[in-house]
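Below is one structure, written out as structure tokens; the observations come after it.
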Amino acid sequence: MSDERLHTDLLGIAMKTPVLTASGTFGFGEEFKDFVDLSRLGGVMVKGTTLLPRRGNDGVRITETPEGMLNCIGLENPGVEHFLEETLPRIQQYGMNVIVNISGSTAEEYGKLAELLDVPGVAAIELNVSCPNVKEGGIVFGTDPEAAAAVVREAKAHTKKPVILKLSPNVTDIVAMAKAVEAAGADAVSLINTLLGMEIDINRFRPVLGNVTGGLSGPCVKPVAVRMVWQVAQAVRIPIIGMGGIASAEDAVEFFLAGASAVAVGTANFTDPEITMKICDGLDTYLAEHGFSSIEEIVGKANPGFLGFRNDVQKG
């Protein structure tokens, strides 16, 4: 399959398809090389990276829920130095667009990470702001518009790479968050990150997860994600990467119609390691059956208030 209808140019990055993989669900890409044509993906958002290595949380880290899962991995990763010296040179052989998801405890840490990752082989940087802002007494960057904007400004000041801000759904007003980071210079937003949830073991009388709470993902969160993409697409003009519960081409189409320019597949990779390829095939079939010549023609098509990014394609 040529994927001609699926060719996408996002943030100056040439993508064979608008289907990416969400950080934390796809390792560094190489883990899926036997199941997926990595070069066919629009990009691989690699495992969350921090300045120093992290061992992650203790105790149970993952548990299944109806139509989803909870996780509290705790950003376990080998650190940015190891990524740059060992991982990045190794995964470049697969011809994929590498988007590095980064996390920090202060805005300055995000800036430092962005500077270190301003190297060949990195296509873009995704800012994970769902982590404690230590300098500000534990405020989570992703729930405070000003704090999130400060992270964006710091990252933009230290890299020429496109900067994507990953929005948390655990907020009162997702639109306020999106508008704040757009005004701060974010090149795109990705949404949604996981919802905060928990599960209790009724026989042991205590929470299942070692961290008590965790991030809820999977098909159960898709309606929330589609709604938030719909709202944000009516408020910002930068591209949106939609994610949250996508497990089929039909799911992905909903996000495009709501206003996403690309989508990222997460939890579904655990149940079917070939799911991204099936979604690419299904998207191409959908476009052909409905008489569309490109994916851009359906971006925002169902959203009457759509303001966002569609290159030069006029809304039908």
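Please read all numbers here as calculations on a predicted model, not as lab measurements.
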Sidechain-backbone polar pair: [X] side chain, [Y] backbone, donor-acceptor under 3.5 Å:
X	Y	result
Thr285	Asp281	yes
Asn211	Cys72	no
Asn303	Trp230	yes
Asn193	Leu167	no
Asn269	Gly266	yes
Asn77	Thr50	yes
Thr159	Lys156	no
Arg61	Asn57	yes

Assess whether atom [atom1] of [X] is packed by more than 12 heavy atoms of other residues, nucleotides or ligands within 6.0 Å.
X	atom1	result
Glu108	CD	yes
Gln92	CD	yes
Glu115	CD	yes

Checklist entry - Between Glu199 and Thr65, does a side chain to side chain donor-acceptor pair (under 3.5 Å) hold up when you go through it step by step? => result CA-CA 8 Å; Glu199 185 174 87; Thr65 68; over 6 Å; no
Checklist entry - Is there a side-chain contact between His158 and Lys112, using heavy atoms and a 4.5 Å cut-off? => result no
